[in-house]
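Single-structure report; data block below.
Reminder, nothing fancy here: chain letters follow the sequence lines and each chain counts from 1.
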Number of protein chains: 2
Amino acid sequence: MAIGIKISLNEGLYQRDPQETPLGQKIIKHSILLIDELGFEAFNFKKLAKRMKSTEASVYRYFENKHMLLLYLVSWYWEWVSYLIDIHTMNIDDPKRCLKIIIENFVYASKENPSIEYVNENILHKIIIAEGNKVYHTKSVDKENQEGFFTNYKKLVQKVSDVIVKICSDFPYPHALASNLFEMANNQIYFAQHMPRLTDVVVEDDNFDEVEKMLEYFAFSLLCK
Amino acid sequence: MAIGIKISLNEGLYQRDPQETPLGQKIIKHSILLIDELGFEAFNFKKLAKRMKSTEASVYRYFENKHMLLLYLVSWYWEWVSYLIDIHTMNIDDPKRCLKIIIENFVYASKENPSIEYVNENILHKIIIAEGNKVYHTKSVDKENQEGFFTNYKKLVQKVSDVIVKICSDFPYPHALASNLFEMANNQIYFAQHMPRLTDVVVEDDNFDEVEKMLEYFAFSLLCK
DNA sequence: TTCGAATGATAGTAAAACTATTACAGGTGA
DNA sequence: TCACCTGTAATAGTTTTACTATCATTCGAA
């Protein structure tokens, strides 16, 4: 895919747009690597600064705190998946085919590469699976939701919901199915990797084919009765 | 229901069994209230000690840290839901009826009361919805999983899976459906409350009927094709 | 009555999560 | 060329968190 696309995100997410400067891009790049390594709880700006050979204060000029940085990364991912869905379904009329592509992109958002040199989509995907839902499980959800910090997720869900309605116009829960497919994709991959008794699929390394197959089974069982 | 049941949990979860002493029970009681009030991130043992008029050091004698305390509460909930399912399906042969009861208990685990005086099941349920999956989204999942800290969840999922297989013996993903029904119940309630665009159901106050109906629709669409 | 376990009181440490101040380097516009 | 403005660095400080350690007290069991 083309180098140089710019993901557009809510300006409230950052203090200064990290996509605009070399230092900002370095912050994105190394935070993805370091959060993956340490986990979000052990990750902090001091360690990040040390790793990227800058200072804590400089990182704070780009992001208010580590929660906002994670929210930025997750929003970036939501937008990235939206973008992938758009380009892959562009010329496809059959909504069932579209939904299959959507599911493929939920499960394999990282297969495309390299796209933007300072974002390792593969590792970002791991972060989404492991830490993604922490961004909205906070006491400040409602305030942040009002400020539009979750718009990218909602737009993604709306896009998928539209396809669902095209497949089955009287399906009563298109948004719930859309959000559940996204959450379920991440959850079941995580379960397969860490608590296999909670699922029936097996994943090894980066092969999520069974998860993809299962999501298709769930979706089309519901929509094509 | 009967006063005096004792929920049995992995001994590794705590330093000293909180169910055994008045102070332990006070810790459980007030931590449920305070986590609900502050959210898990802002909650800490200092604030808890102050609230319950004890000391930080005393709390540390029962739980290694706040993560283990949350894990204890969540395990308690998993076991509690298991227990509710058991007593409500005890004399019921029809597995479809059983699954309906399971879904009802996923959504309304709190309707029973009062059961154990130091646990407010209603507020605990709110905590599960808002913070529940933080207990296994950590860098220490694998280690904690090996020590059996998630056994209660797995047992619950296995129980539901057994019922699913009874309904439809050739359903290929019984464990995934079981864990997804549980996760989806909590997620969709949370979405309805905080990001309604991500779902189609409406909940107000403690009325989760629409969520219950939706889960039944999903489950039985998949199982009774 | 005395022993010991449970709790309380107090204090202290190390790290995390910021904030503030000053300095400097490189390009810009007058 | 000089004043200046922006981005980054260096340094140092504050408050809060997450513990740990020590010793005193209390209260029931032996």
| query | Sequence neighbours excluded, which residues qualify as side chain to side chain donor-acceptor pair (under 3.5 Å) partners of B:Asn10? | reply | none
| What residues, two or more places apart in sequence or in another chain, satisfy side chain to side chain donor-acceptor pair (under 3.5 Å) together with B:Ser82? | none
Return the value, rounded to whole Å, for the distance between atom [atom1] of [X] and atom [atom2] of [N].
| X | N | atom1 | atom2 | answer |
| --- | --- | --- | --- | --- |
| B:Glu64 | D:dC19 | CD | P | 8 Å |
| A:His67 | C:dC18 | NE2 | P | 12 Å |
| A:Phe43 | C:dA15 | CZ | P | 19 Å |
| B:Gln19 | C:dA6 | CD | C1' | 18 Å |
| A:Leu70 | C:dA17 | CG | P | 13 Å |
| B:Arg16 | C:dG4 | CZ | C1' | 12 Å |
| A:Glu41 | C:dA15 | CD | C1' | 16 Å |
| B:Asp17 | C:dA5 | CG | P | 18 Å |

Pull out every protein N or O sitting under 3.5 Å from an N or O of nucleotides 26-30 of chain D, one pair per line with the distance.
none

| A:Lys126: salt bridge (Lys or Arg N to Asp or Glu O under 4.0 Å) partners, not counting sequence neighbours | A:Asp36
| Contacts of type salt bridge (Lys or Arg N to Asp or Glu O under 4.0 Å), residue B:Glu64, not counting sequence neighbours | none
| field | Candidates D:dT8, C:dA6, D:dC19 - which lies nearest the side chain of A:Leu23 | value | D:dT8
| said: Strictly distance-based, threshold 3.5 Å: is any side-chain N or O of B:Ser31 a donor or acceptor partner for the main-chain N or O of B:Ile28? | reply: yes
Which atom pairs, one a donor and one an acceptor, fall under 3.5 Å between side chains of residues 51-58 of chain A and the rest of the protein, sequence neighbours left out?
unit_1  : atom_1 : unit_2  : atom_2 : d
A:Arg51 : NH1    : A:Glu37 : OE2    : 3.1
A:Arg51 : NH2    : A:Glu37 : OE1    : 2.8
A:Arg51 : NH2    : A:Glu37 : OE2    : 3.4
A:Thr55 : OG1    : A:Ser58 : N      : 3.4
A:Thr55 : OG1    : A:Ser58 : OG     : 3.0

| field | Sorted by number, the residues of residues 44-60 of chain A with heavy-atom contact under 4.0 Å to DNA chain C | value | A:Asn44, A:Lys47, A:Glu56, A:Ala57, A:Tyr60
| said: Within the 4.0 Å heavy-atom criterion, would you say A:Phe63 contacts the bases, only the backbone, or no part of the nucleic acid? | reply: nothing
| With a non-hydrogen cut-off below 4.0 angstrom, is A:Arg61 in contact with a base, only sugar-phosphate, or nothing? | base
| query | For B:Tyr153, which residues count as a ring-ring contact (aromatic ring centres under 6.0 Å, His included) partner, sequence neighbours excluded? | reply | B:Trp78, B:Phe182
| said: Per the salt bridge (charged side-chain N to carboxylate O under 4.0 Å, His left out) rule, what does the pair list look like for residues 152-162 of chain B, sequence neighbours excluded? | reply: B:Glu79-B:Lys155, B:Asp86-B:Lys159
| A:His137 ring center within less than 6.0 Å of B:Phe40 ring center | no
